[in-house]
Amino acid sequence: MKRIAPAFLSVALLVACEPSNSGAVREVVQRDSAGVAITEVPGPIWSEAARWTTSAEPVVEIGALEGRPEYLFSGIRGVTGLADGRIVVADGGSNTLRWYDDSGSYLFERGGSGEGPGEFNRVGLIVRGGGDTLAITDFSVRRITEYTPEGELVRTIPIDGVTVPGAAYRLRDGTFIVGSSGFSSTQMTGDEEGLRRTPEPLIRFGDAMETPDTIGIFPGPEMYFSGRGFGFHPFSRGFHYAVKDERLFVAAAEGFVVDAYEADGRWVQSIRAPDVDLQLTPGMIETYRQGAREAAAEQSEARAEAMARELEEMYFPETRPAYARFVASDDALWLEEHRAGRSDGLNRWAVLGHNGEFRGIAVLPPGFILHDVQRDHVIGTWTDDLGVEYVRKYRLVTVD
């Protein structure tokens, strides 16, 4: 059964709210005749003062420039935390899953390169599900591998219908929802120059179903196409999704919007912040260009000249993405501010509840890439000036 996801729902919001005395932004909720709950967060959001920051230093850091191989990473694909404080890392270079205790000490690993049960040809994203069961996507073989939190292999499940499989979310009935994590050149057709988005399906499949079910077709990653080829643009919009408590959240950056669906594909909620200014100003473009020039100066003379020419000829759209990345925790939705064009280096995230209420802004350390949120901690990756990758866990701190 194929369902087409609506791109926009026009409704009249009849209820007005004022910000509370504490400065928190209240939501406006109106249910339309089709049964879709609309939650509007008024205000510019990104101008809000930070409600949370992190501990000055990570409470756990895993990684090293040299030494024991279990602490050396090469292309981390995913990180997640378990309920007891352990951390599991999907390392692309070794095609392994590595378990570490709550202090960052190595415990054991699973996987390895191959196509046999429990092995990975190209280990992909890792998702922590109910009971801390882990679902790991293999980009190349196009299958899901499930492990228990103790590292016992549960099963492998082939994926059909997705070009580049992304994160796989397990539902309570044993079925999975999976979409795309990237882009294939086979999806680019035509010769029209400019930014384009190809349609991406989200599919539900598993042993409990006779045939896979396409939940919806959504705007995929935005690519820039020119006569010389195609690629991602610094102001391209991304496609993100996550499943929490049996509800599918889709964040396609078509405005500041996150839509929610039931597992059967019913559209039930739309969370929006319509006052977020998405204009791409000349100042933002110049800030981006200046950063690109500084990066080019570190290259060879020939490469620097080529980059300078590309920069001057680069196409820029009229608007910028409403957010850069999307991470769903057990009780909140985290949306990262799109920082291309910013000069202050702030790593800012808007935090909303699953029902859409705006909780505040969290400012995370520069260079830190968020992967998982657990209660009062954030877990992710950080790369130093030598290109060495680390897994870091910080404590969230409320700003007075």
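- Glu286 contributes atom CD, which lies 6.5 Å from atom CZ of Arg289 (distance to the nearest 0.5 angstrom).
- Summarising the geometry, atom CD belonging to Glu150 is positioned 10.5 Å from atom OG1 belonging to Thr133; distances are rounded to the nearest 0.5 Å.
- In this structure a side-chain-to-backbone donor-acceptor pair under 3.5 Å is present from Tyr323 to Ala253.
- Expressed to the nearest 0.5 Å, how far CZ of Phe256 lies from CD of Glu40 amounts to 12.5 Å.
- If you look at Phe218 and Tyr261, their ring centroids are closer than 6.0 Å.
- Separation of the Phe249 and His240 ring centroids does not fall under the 6.0 Å cut-off.
- With Thr398 contributing its side chain and Trp52 its backbone, the two residues share no donor-acceptor pair below 3.5 Å.
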(request) For the pair Gln279 and Met284, evaluate side-chain contact (heavy atoms from CB on, under 4.5 Å) and give the outcome as yes or no after the intermediate values. (result) CA-CA 9 Å; Gln279 180 183 7; Met284 293 175 182; over 6 Å; no

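- A 6.0 Å sphere centred on CD of Glu312 holds more than 12 heavy atoms belonging to other residues, nucleotides or ligands.
- Between Arg266 atom CZ and Arg247 atom CZ the span is 8.5 Å, to the nearest 0.5 Å.
- For the atom pair OG1 (Thr80) and CZ (Arg128), the distance works out to 4.5 Å, reported to the nearest 0.5 Å.
- Atom CD1 in Ile271 sits 10.0 Å away from atom CD1 in Ile38 (nearest 0.5 Å).
- Hydrophobic clustering, with ILVMFWY side chains joined whenever heavy atoms are under 4.5 angstrom apart, keeps Leu335 apart from Val373.
- Formation of a donor-acceptor pair under 3.5 Å by the Thr287 side chain with backbone atoms of Gly283 is found in this model.
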(request) Kindly indicate, with the supporting measurements, whether the criterion salt bridge (Lys or Arg N to Asp or Glu O under 4.0 Å) is fulfilled by Arg196 and Glu222. (result) CA-CA 5 Å; Arg196 282 190 257 164; Glu222 191 169 43; over 6 Å; no

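- Annotation for Ile126: hydrophobic cluster partners, listed by chain and number, are Leu82, Val88, Leu97, Trp99, Leu107, Phe108, Phe120, Val123, Leu134, Ile136, Tyr147, Leu153 (ILVMFWY side-chain heavy atoms under 4.5 Å, direct or chained).
- No donor-acceptor pair closer than 3.5 Å links the side chain of Tyr169 to the backbone N or O of Phe176.
- For Arg325 (side chain) and Leu370 (main-chain N/O), a donor-acceptor pair under 3.5 Å exists by modelled atom type.
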(request) Give the C-alpha distance, both sets of side-chain angles, the deciding distance and a yes or no for side-chain contact (heavy atoms from CB on, under 4.5 Å) between Leu195 and Ser236. (result) CA-CA 8 Å; Leu195 284 171; Ser236 291; 4.0 Å; yes

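- No side-chain donor-acceptor contact under 3.5 Å links Asp138 to the backbone of Thr145.
- Proximity of Phe205 to Thr211: side-chain heavy atoms (C-beta onward) are nowhere separated by under 4.5 Å.
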(message) Glu70 vs Arg98, test: salt bridge (Lys or Arg N to Asp or Glu O under 4.0 Å). Steps then yes/no.
(response) CA-CA 8 Å; Glu70 56 266 32; Arg98 301 179 189 173; over 6 Å; no

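- Contact of the Lys393 side chain with the Glu61 side chain is not registered, since no non-hydrogen atoms from C-beta on lie closer than 4.5 Å.
- A centroid separation of less than 6.0 Å is found between the aromatic rings of Phe368 and Tyr394.
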(message) Using the rule given for side-chain hydrogen bond (donor to acceptor under 3.5 Å, both in side chains), can you reason through Arg272 versus Ser270, listing the C-alpha separation, both sets of side-chain angles and the distance that settles it, and then say yes or no?
(response) CA-CA 6 Å; Arg272 305 169 182 179; Ser270 187; 2.9 Å; yes

(request) Please report the C-alpha distance between Asn347 and Arg339 in whole Å, then the side-chain angles of each, then the deciding distance to 0.1 Å, and finally whether the side-chain hydrogen bond (donor to acceptor under 3.5 Å, both in side chains) criterion is met. (result) CA-CA 8 Å; Asn347 185 358; Arg339 296 195 303 278; 3.3 Å; yes

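- Linking ILVMFWY side-chain heavy atoms closer than 4.5 Å, directly or via other members, places Val351 and Ile379 in two distinct hydrophobic clusters.
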(request) List the steps and the verdict of side-chain hydrogen bond (donor to acceptor under 3.5 Å, both in side chains) for Asp91 and Thr96. (result) CA-CA 6 Å; Asp91 179 65; Thr96 59; 4.6 Å; no

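- Thr156 and Arg143 form no side-chain donor-acceptor contact under 3.5 Å, judged by distance and modelled atom types alone.
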(request) Using the salt bridge (Lys or Arg N to Asp or Glu O under 4.0 Å) rule, take Asp245 and Arg172 through it: C-alpha gap first, then chi angles, then the decisive distance, then the call. (result) CA-CA 9 Å; Asp245 197 24; Arg172 294 192 187 104; 2.8 Å; yes

